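Given the structure is predicted, the values throughout are model-derived calculations rather than measurements. Below, read A as the first sequence line, B as the second, and so on, with proteins coming before strands; counting in each chain starts at 1.
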Number of protein chains: 2
Amino acid sequence: MDACAALGAKFELWRTLQLDPEGCPVRGLLDKLGDRWSTLLICSLAAGPKRFSALHRQIPDISKRMLTQTLRTLEADGLVHRDVQPTVPPSVTYSLTPLGRSFAGPLLGLVEWAETHYPAVLETRAETKRAA
Amino acid sequence: MDACAALGAKFELWRTLQLDPEGCPVRGLLDKLGDRWSTLLICSLAAGPKRFSALHRQIPDISKRMLTQTLRTLEADGLVHRDVQPTVPPSVTYSLTPLGRSFAGPLLGLVEWAETHYPAVLETRAETKRAA
DNA sequence: CAGAATCCCTGTCGATACTG
DNA sequence: CAGTATCGACAGGGATTCTG
C-alpha cells in the first residue's frame, strides 16, 4: 500500500468517528502547528536552545506578542520547554522537549518536500495567474 | 546528522536569505497547507477522486464557500485537478495530481506522528490547565 | 530582559440566499 | 449539482505602552 492509499484509509477511519477534533489527530494537532509561526519556531529551536530575544532576532517579523503566545502554546502542548532563571534582569531559555525533537523527523520530511517541489508550485501559480 | 540538526541547519540557511516567503518554502507552502481544511481535503482525495458534493458529505462542517475556495487554492498550487463535465446538471470531479500524490508521503509521516503522540499532547494540555 | 496589557484593524470564515 | 454573492461576526495578530 503506498502512502496515498494509506492516507485515504486513515481518512475513512476518522470519518466514521465523526472527524471531531478530540478524536482526530490531524484536526487536533495540525490546526495548532499549522499557523504561521509554530513550525518556524520549532525549526529555529531545532538548532539548539535559545533565549527569547535571540528567537526574536532570528525571526524579525514576528511581534513580541505573537512570539510569547506561540511559545506558550507550544509549551502547553509539551513540544517546548521554558526555563526561567530568576535573575535580574530575567533570562528565559526555550528548548525543544524530547517530544518536540521527535517532531523534527516528520517536519523535516515536509520541509524537504517543500524545497523540492516549491519551484513547480510557483510555476503553476504563475500559469494560473496568466490564465486569469 | 539527525533530523533535528538537519532542521536547524536548514533554518540557519533560510535566515541568511531573509526568510522572505518567496525564498522560504516553509513560509510559502506551509502557510497555505496549514489551514484547517487543505490537509483534510488532500487526505480525502488520497482515497480517490471525488465529486464536489461527495467531498462536502465527507467533511460535513465545512461550508460550501470554504470548500470551493480551498479546492481552488489547491488547484492553483497544482496539487489538485478539477475536471468539469459540461453536462446538465454539471458534474465536477476533483482528484490529486501527481504533485499532490507526491505530497502524500510527507503528510503521512506527519499524520502518523500526530496519531502516535496526540495522547501525550492531550495529557500535557490537561496538566497545564490544572496548573492554571 | 522578557513579557503583560491595551487598542484596533484586517482578513477569515460561516450563514444565508440566489443562479446556470 | 456546483457553485457565486453578500453580509456580518469574530478572532488573529500588529503597534504601542507599561512593568518587575
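Each of A:Ser63 and B:Thr93 was assigned the nucleotide of DNA chain D with the nearest heavy atom; the assignment lying further toward the 5' end belongs to B:Thr93.
Atom CG in B:Leu67 sits about 14 Å away from atom P in C:dA15, given to the nearest Å. A:Arg36 has its CZ atom 6 Å from the P atom of D:dG14, to the nearest Å. Rounded to an integer number of Å, the gap from B:Ile62 CD1 to D:dA2 C1' is 14 Å. Protein atom CD of A:Gln69 is 16 Å distant from nucleotide atom C1' of C:dA2, rounded to whole Å. Remark: C1' of C:dA4 and NZ of A:Lys64 are 10 Å apart, rounded to the nearest angstrom. Rounded to whole Å, the distance from CG on A:Asp61 to C1' on D:dG13 is 12 Å. Atom CD1 of A:Ile59 is separated from atom C1' of D:dG13 by 15 Å (rounded to the nearest Å). Rounded to a whole Å, the CE atom of B:Met66 is 15 Å from the C1' atom of D:dA9.
Taking the side chain as every heavy atom from C-beta outward, B:Leu41 and B:Tyr94 never approach each other to under 4.5 Å. Within the 4.5 Å cutoff, the side chain of A:Thr93 has no heavy atoms near those of the A:Gln85 side chain. At a threshold of 4.5 Å between non-hydrogen side-chain atoms, the residues B:Met66 and B:Arg36 do not count as touching.
Between A:Tyr94 and C:dG3 there is a side-chain N or O to OP1 or OP2 distance below 4.0 Å. One finds a side-chain N or O of B:Arg82 lying less than 4.0 angstrom from the OP1 or OP2 phosphate oxygen of D:dG3. Of the side-chain N and O atoms in A:Arg65, none sit less than 4.0 angstrom from OP1 or OP2 of C:dT6. Contact annotation: A:Ser53 side-chain N/O to C:dA2 OP1/OP2 distance is under 4.0 Å. Between B:Arg72 and D:dT4 there is a side-chain polar atom (N or O) within less than 4.0 angstrom of OP1 or OP2.
Which of D:dG20, D:dC1, D:dT4 sits closest to the side chain of A:Pro90 comes down to D:dG20.
Across all non-hydrogen atoms, the minimal contact from A:Leu96 to B:Cys4 is CD1-SG, 4.1 Å. Closest non-hydrogen pair, B:Glu12 versus A:Ala47, comes out as OE2-CB, 4.3 Å.
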